[in-house]
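Working notes, structure below.
Just so it is clear: chains get the letters A, B, ... in the order the sequence lines come, proteins before strands, and each one is counted from 1.
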Amino acid sequence: MLDLSGPVLEQAPRLLNAVLRHGDVAVRLTEVEAYDGANDPGSHAYRGMTRRNTVMFGPPGRLYCYFTYGMHVCCNVVCGPEGIASAVLLRAGEVVDGIEVARERRAGASDRDLARGPARLCRALGIGLADDGVDLERGPVTLTLGSPPDDVSTGPRVGLRAAAERSWRFWITGEQTVSSYRPAAPLRASRRPDLSS
DNA sequence: CCCGTGATTCTCT
DNA sequence: GAGAATCACGGGC
């Protein structure tokens with residue numbers, strides 16, 4: 001029984017070493033990031049429910065998938081009590097089964113890079129927008145929790161402007177498959193004139 | 001370093 | 001409704 005109904009900051013590290021499977025390909029998760037719905041300016045759910053983020057407001061244990069930058073799909077596991085809209089972004093992992101299929105999907109990538117990065121992870125697993133809302137106990141995408149890692153590191157989330165000070169990124173210390181840290185791009189000059197000075 | 005790429009959302013009519 | 005900014009990224013140089 002997959003119970004992820006506790007506070008998201010407690011659930012996120014529990015997902016390390018968990019195995020996400022879709023068909024023949026399975027990935028052991030090595031890096032995740034927490035997003036805390038109502039209290040978190042970095043969360044897709046911060047401004048309330050929209051068509052995109054509806055799944056976040058539903059029960060825990062479902063997959064929330066979204067499309068970004070015109071070409072990438074990323075996925076999260078919904079955590080916390082229903083209605084709180086918290087989720088954990090799956091940032092990276094190690095392919096532990098179906099590596100031949102994963103290599104085809106990620107042609108040109110080294111084995112280490114197959115699922116190193118949130119969009120790469122979805123690509124390697126063949127996860128798309130059609131999988132938004134999937135119940136991870138029923139499939140077709142499934143999640144199986146693993147044994148807690150020996151050592152967990154934490155740090156700032158990657159690529160966010162909002163709430164960059166929160167250390168809500170968790171990874172298994174020393175893992176080669178953890179994605180490289182990249183701070184958010186600086187805000188471009190506003191189109192509106194600044195009248196304050 | 002730079003930039004493709006297009007859905008989503010915000011803001012103003 | 002239209003126009004604009006944004007974006008939880010990745011690949012190429």
Side-chain angles (χ1 to χ4, degrees), chain A residues 8-9 11-13 15-16 20 27 29-57 62-80 84-93 95 102-133 141 153-171 176-195:
Chain A
V8 66
L9 287 178
Q11 305 314 303
L15 298 183
L16 296 173
L20 191 69
V27 166
L29 302 176
T30 56
E31 181 189 8
V32 300
E33 272 178 7
Y35 288 85
D36 187 8
N39 309 311
D40 183 1
S43 169
H44 286 173
Y46 185 54
R47 291 170 215 278
M49 185 158 47
T50 64
R51 183 139 90 262
R52 178 175 66 166
N53 67 20
T54 300
V55 171
M56 293 183 78
F57 288 81
R62 301 251 174 109
L63 200 63
Y64 163 52
C65 303
Y66 68 94
F67 183 78
T68 191
Y69 287 101
M71 57 189 107
H72 301 302
V73 174
C74 300
C75 70
N76 302 243
V77 175
V78 177
C79 290
I84 300 298
S86 294
V88 175
L89 173 68
L90 308 182
R91 286 201 57 86
V95 175
R103 282 175 184 148
E104 281 175 28
R105 289 178 177 149
R106 298 264 305 118
S110 67
D111 285 356
R112 178 198 181 203
D113 282 350
L114 288 176
R116 183 172 179 250
R120 293 164 168 183
L121 182 147
C122 285
R123 186 78 190 273
L125 283 163
I127 289 173
L129 290 182
D131 299 299
D132 188 36
V141 182
S153 299
T154 67
R157 295 180 293 189
V158 176
L160 278 142
R161 205 121 63 215
E165 77 288 357
R166 298 186 184 178
S167 289
W168 285 356
R169 173 174 169 245
F170 302 83
W171 66 94
Q176 298 304 296
T177 53
V178 170
S179 68
S180 53
Y181 177 70
R182 188 179 35 171
L187 191 58
R188 295 217 313 276
S190 172
R191 222 27 50 101
R192 316 260 297 257
D194 181 349
L195 306 175

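- Computed from coordinates, the A:E31 CD to C:dA8 C1' distance equals 11 Å when rounded to whole Å.
- Contact check on A:D111 versus A:R103 returns a salt bridge, with a Lys/Arg side-chain nitrogen under 4.0 Å from an Asp/Glu carboxylate oxygen.
- For A:M56, the side-chain atoms get nearest to C:dA8 when compared with the rest of C:dA8, C:dG11, C:dC7.
- Taking all atoms of both residues into account, the shortest heavy-atom contact from A:A119 to A:C74 is N-SG, 4.0 Å.
- A gap of 16 Å separates the C1' atoms of B:dC3 and C:dT6, to the nearest Å.
- Along DNA chain B, the nucleotide closest to A:L129 and the one closest to A:M71 are compared, and the more 5′ of them pairs with A:M71.
- Nearest to the side-chain atoms of A:Y35 among the listed nucleotides C:dA8, C:dC7, B:dT9 stands C:dA8.
- Stacking between A:F67 and the base of B:dA7 is absent under the criterion of ring centres within 5.5 Å and planes under 30 degrees.
- At the heavy-atom level, A:R157 lies nowhere under 4.0 Å from the strands shown.
- Here C:dA8 sits opposite no nucleotide as a Watson-Crick or G-U wobble pair (both hydrogen-bonding atom distances under 3.5 Å).
- Closest to the side chain of A:S43, from the set B:dG4, C:dA8, B:dT8, is C:dA8.
- At the phosphate of C:dC9, OP1 or OP2 sits under 4.0 Å from a side-chain N or O atom of A:R91.
- Side-chain proximity of A:R47 to B:dC10, C:dC9, C:dC7: nearest is B:dC10.
- Between C:dA8, C:dG11, C:dT6, one nucleotide has an atom nearer to the side chain of A:R120 than all others, and that is C:dG11.
- Contact of A:Y69 with B:dA7 (side chain to base): no donor-acceptor pair of N or O atoms is detected under 3.5 Å.
- Residue-level contact check: A:R123 touches neither bases nor backbone, having no heavy atom under 4.0 Å from any strand.
- A straight line from CG of A:D113 to P of C:dG12 spans 12 Å, rounded to a whole angstrom.
- Neither OP1 nor OP2 of C:dC9 sits under 4.0 Å from any side-chain N or O of A:T68.
- Side-chain atoms of A:R182 and base atoms of C:dG10 include a donor and an acceptor less than 3.5 Å apart.
- Between the side chain of A:N53 and the backbone N or O of A:G48 there is at least one donor-acceptor pair closer than 3.5 Å.
- Taking the charged nitrogens against the carboxylate oxygens, A:R157 and A:E33 have no contact shorter than 4.0 Å, which rules out a salt bridge.
- Shortest non-hydrogen contact noted between A:V8 and A:S86 is CB-CB, 3.7 Å.
- Residue A:G42 is classed as a base contact, given a heavy-atom separation below 4.0 Å to a base.
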